[in-house]
Every structure is written in structure tokens, then in C-alpha cells.
Amino acid sequence: MRNKRYRINPVIARRLNLKINKTNRYRINKEKEAEYLSIVRPGTFAPKVLIFDIETYPMLAYSFQKWNTNISDDFIVQDWGILCWSAKWLFSEDIFNDKLTEEELIARDDKRISRSLWKLIDEADVIIAHNLVKFDLKKANTKFLEYHFGRPSPYQTIDTLQHARKRFAITSNRLDYIAKNFFKIEGKLQTEKGLWMRCMNNEYKALEYMQLYCNQDVVVLEDVYLELRPWIQPHPNMALLAVDVNNGCPACGSESKEHTHTNYNTYVNSYTAFRCKGCGHIYRSRTTLTPISSKKGLKVSIP
């Protein structure tokens with residue numbers, strides 16, 4: 001596992017015929033970073049929010065037909081595995097990554113990089129990925145189980161794909177489309193046709209580009225998450241995870257807030273509603289505005 005600033009190595013760039021420009025360089029949103037750091041006072045604990053992405057190689061199997069076929073267990077020649085992964089802590093300038101060595105690629109041995117991913121997830125309070133629930137988390141957990149690493153320490157999850165689908169009708173929920181076409185921000189690196197096949201053919205140059213592609217994914221994912229954050233409901237309670245920020249916003253921890261125009265009302269209670277001035281998230285008070293005595297005669301509709 002490496003801890004490095006995300007800037008494309010000129011030597012690798014020349015090998016991959018990449019043109020180095022501003023879009024290939026990681027940039028951090030200084031305003032959002034300053035806003036976040038101002039939330040956490042000296043001596044307090046900031047939640048560790050991990051943004052990550054993994055790239056896998058497919059299984060090899062025999063099949064008698066192309067469409068609508070079930071493959072027998074005996075026809076599986078080689079199972080799938082992890083090619084590489086990339087991750088970053090929210091607002092950090094460093095990107096962590098790991099990929100198979102040339103020897104591991106030939107042997108299809110992903111135990112070492114699965115272990116390095118496990119160690120990072122084990123540190124996290126919250127993990128974020130696009131299609132986290134159905135892909136990244138299940139794939140990672142499968143490897144953790146296969147290699148007997150045990151379960152990582154407890155964490156909460158945010159799947160940006162699920163929240164995009166649940167709350168909006170964006171034309172496409174692919175990460176690249178949401179970033180470039182919807183939010184008009186930097187998108188994913190372009191991949192050539194057959195990149196995964198080249199990795200399967202043990203072309204290490206292709207795997208090096210795959211790692212750069214994965215690095216860019218977590219940069220894009222961070223930007224998309226921050227755009228979606230005010231709408232994520234429910235959001236892991238960052239104020240609960242940050243010591244001495246118990247009165248803060250559940251989404252970002254900021255204590256800077258304002259009252260909304262209306263209260264938040266349920267069938268039997270009314271609560272004070274707030275809008276976070278830091279991230280725009282809407283949340284409510286824990287205590288009700290409705291005294292118990294005034295609810296004695298309150299009627300409720302049958303759902």
C-alpha cells in the first residue's frame with residue numbers, strides 16, 4: 001500500500017502515452033477543506049471518512065452459449081479477483097492505492113492487496129463508494145472471508161449510487177455521467193476498449209493505467225458525494241462521531257445552522273428543523289416541541 005500525492009508520474013505517463021495536463025492532477029477544494037477543519041476544534045476527534053474504489057478481473061469459464069446461460073461449477077477455470085484499489089480520506093490530499101505486482105498478476109494472487117485494503121477499512125468510521133452495497137463492499141468482504149482476515153472494525157456506509165437513484169431522476173446514474181454531464185465537474189479517466197482484457201493477458205502497462213483510472217475514480221467520487229451530501233437521508237451522524245460536536249450537523253458536524261421556514265412534523269410530534277450553513281443538510285432537534293399534555297386528545301389518521 002502506498003501513501004502518495006496523486007500526481008501522475010511523468011515516466012509512467014510517457015509509457016502510457018498520456019498527456020499531462022491540469023485535469024490529470026489532483027486538486028483539493030480548499031474552501032470545503034477549511035470549512036470542515038473549522039468544525040473540529042483542537043483536541044477533538046474528527047470522523048475518519050474513507051472514499052474508495054476497487055477494480056476486479058473477471059472469472060474464466062467455459063460456456064456452450066453466449067446469452068442466458070448458467071455456468072456449471074466444473075466449467076469455472078479461474079475465479080474473479082481484485083486487480084487494484086484506490087482510497088482517500090475525505091478532504092485529504094493523499095491517495096492510498098495498491099495493485100498486483102507483475103508476479104501476482106500472472107499468478108492471480110490478490111491476497112496481499114486484499115490485506116492492505118482490509119487494514120484501511122479497519123480504520124474507517126464511515127466508508128463511501130459508488131455502488132458500494134452491491135459491488136465494492138461485497139467484493140471486498142468476499143476476499144476478507146476467503147483469506148480469513150476477519151471482519152474489520154465497525155463502520156457506517158454511504159452508497160452514492162443508491163442515494164442518487166432514491167432521491168432523483170438523473171438521466172444516468174453512472175458516476176462519470178453524474179460528474180461531467182450533470183454537475184459539470186471533472187469526470188473519470190477514459191479507458192480504451194479491451195483494457196481489462198489486456199490486464200487478463202498479463203500486460204502490466206495496462207494494469208498501471210488501471211491504477212491511475214482507479215485513483216481518478218475516488219477523486220471524482222469525493223466531489224459527487226459532496227454535491228449529494230445535503231440530500232443523503234439518512235446520513236451517518238458525523239456529530240455523534242466527532243467528540244465535543246454533539247450539537248452539530250449530522251452530515252458534516254458543523255455547528256453553524258439556521259432555522260428552516262417550517263418545523264418538522266410527524267403524525268404525533270413537531271420538532272425544530274434546521275438547515276446547516278456548512279453543507280446545506282436539513283435536520284431536526286431530538287426534543288419535541290409538542291408537550292405530552294397537549295397530545296392526549298390528538299387523533300391520528302389510519303395509514
Side-chain angles (χ1 to χ4, degrees), residues 1-2 6 8-20 23-24 52-87 95-117 129-132 134-143 146-147 161 172-181 186-221:
M1 182 176 64
R2 300 170 184 156
Y6 177 40
I8 294 177
N9 186 308
V11 176
I12 295 178
R14 284 194 295 271
R15 288 179 61 189
L16 301 177
N17 297 317
L18 289 177
K19 180 181 179 182
I20 299 179
T23 61
N24 292 130
F52 81 104
D53 182 56
I54 63 174
E55 302 297 340
T56 61
Y57 56 83
M59 68 173 63
L60 294 176
Y62 294 110
S63 176
F64 285 110
Q65 58 186 19
K66 184 177 181 180
W67 304 110
N68 298 325
T69 183
N70 290 320
I71 298 174
S72 169
D73 293 347
D74 296 334
F75 278 21
I76 298 175
V77 179
Q78 191 174 77
D79 211 344
W80 64 271
I82 298 176
L83 280 170
C84 62
W85 60 263
S86 298
I95 285 188
F96 300 83
N97 58 45
D98 210 353
K99 65 180 181 293
L100 299 179
T101 64
E102 293 188 65
E103 294 77 14
E104 289 170 341
L105 179 61
I106 294 172
R108 300 293 189 264
D109 180 8
D110 59 0
K111 183 175 183 178
R112 181 187 58 81
I113 65 170
S114 297
R115 180 66 178 179
S116 61
L117 177 61
H130 199 71
N131 201 17
L132 171 71
K134 290 188 176 181
F135 184 78
D136 297 84
L137 189 54
K138 281 190 174 182
K139 292 292 187 180
N141 284 342
T142 301
K143 289 300 173 180
E146 178 183 354
Y147 296 126
L161 175 60
S172 171
N173 289 310
R174 293 176 57 247
L175 181 63
D176 193 47
Y177 185 92
I178 294 175
K180 289 196 303 187
N181 298 78
E186 185 178 354
K188 297 157 67 80
L189 288 181
Q190 297 301 309
T191 57
E192 62 181 25
K193 187 177 180 180
L195 180 62
W196 271 260
M197 186 59 68
R198 289 176 58 200
C199 290
M200 291 294 289
N201 290 333
N202 301 329
E203 293 185 37
Y204 206 68
K205 180 179 177 180
L207 182 54
E208 288 176 335
Y209 186 83
M210 185 75 77
Q211 183 70 83
L212 298 178
Y213 171 82
C214 195
N215 287 349
Q216 178 67 8
D217 275 7
V218 297
V219 175
V220 176
L221 177 56

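Residues Asn97 and Asn215 bring a donor and an acceptor atom of their side chains to less than 3.5 Å of each other.
The structure places CG of Asp217 at 10.0 Å from CD1 of Ile95, a figure rounded to the nearest 0.5 Å. Once rounded to the nearest 0.5 Å, the distance linking SG of Cys199 with NZ of Lys205 reads 12.5 Å. In this structure, OG on Ser63 lies 6.0 Å from CD on Gln65, to the nearest 0.5 angstrom. Here SG of Cys214 is found 11.0 Å from NZ of Lys99. Values are rounded to the nearest 0.5 Å. To the nearest 0.5 Å, the span separating CG on Leu221 from CG on Asn131 amounts to 11.5 Å. Note: Cys84 SG to Leu117 CG = 11.0 Å, rounded to the nearest 0.5 Å.
Two residues are said to be in side-chain contact when any heavy atoms from C-beta on lie closer than 4.5 Å; Arg112 and Leu100 fail this criterion. Leu83 is listed as a side-chain neighbour of Leu105, based on a closest heavy-atom distance under 4.5 Å. Contact of the His130 side chain with the Asp53 side chain is not registered, since no non-hydrogen atoms from C-beta on lie closer than 4.5 Å. You'll find the side chain of Tyr209 reaches within 4.5 Å of the side chain of Leu195, heavy atoms only. Between Lys139 and Trp80 there is a side-chain heavy-atom pair separated by less than 4.5 Å. The side-chain heavy atoms of Leu60 and Met200, taken from C-beta on, include a pair separated by under 4.5 Å.
No donor-acceptor pair under 3.5 Å is formed between the side chain of Asn173 and the backbone N or O of Leu175. In this structure, the side chain of Asp98 does not engage the main chain of Ser116 through any donor-acceptor pair within 3.5 Å. Although no hydrogens or angles enter the test, the distance criterion places a donor-acceptor pair under 3.5 Å between the side chain of Trp85 and the main chain of Ile113. Of the possible polar contacts, one joining the Asp176 side chain to the Lys188 backbone as a donor-acceptor pair under 3.5 Å is found. A donor-acceptor pair is defined here as one N or O able to donate and one able to accept, closer than 3.5 Å; no such pair exists between the side chain of Glu102 and the backbone of Asn202. Tyr147 contributes no side-chain N or O that, together with a main-chain N or O of Thr142, makes up a donor-acceptor pair within less than 3.5 Å.
Ion pairing between Lys143 and Glu146 holds under the 4.0 Å rule for side-chain N and carboxylate O. Between Glu186 and Lys180, no side-chain nitrogen of the basic residue sits less than 4.0 Å from a carboxylate oxygen of the acidic one, so the salt-bridge criterion is not met.
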| query | Does the side chain to side chain contact (heavy atoms under 4.5 Å, CB included) test come out yes or no for Phe135 and Thr56, once each step is laid out? | reply | CA-CA 10 Å; Phe135 184 78; Thr56 61; 3.7 Å; yes
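Residues Ile82 and Ser114 approach most closely at CD1-OG, 3.9 Å, considering heavy atoms. Between Ala61 and Ile76 the shortest heavy-atom distance is CB-CA, 4.0 Å. Here the shortest heavy-atom pairing between Gly81 and Asp110 reads CA-OD2, 3.3 Å.
Other residues, nucleotides and ligands contribute over 12 non-hydrogen atoms within 6.0 Å of the CE atom of Met59.
Take Tyr62 and apply the ring pair (Phe, Tyr, Trp, His ring centres under 6.0 Å) test, not counting sequence neighbours, and it matches no residue. Applying the side chain to side chain donor-acceptor pair (under 3.5 Å) criterion to Arg198, with sequence neighbours excluded, gives Glu192, Glu203.
Taking the centre of each ring, Phe96 and Phe52 stay at or above the 6.0 Å mark.
Geometrically, Arg108 engages Tyr57 in a cation-pi contact defined by less than 6.0 Å to the ring centre and at most 45° from the axis.
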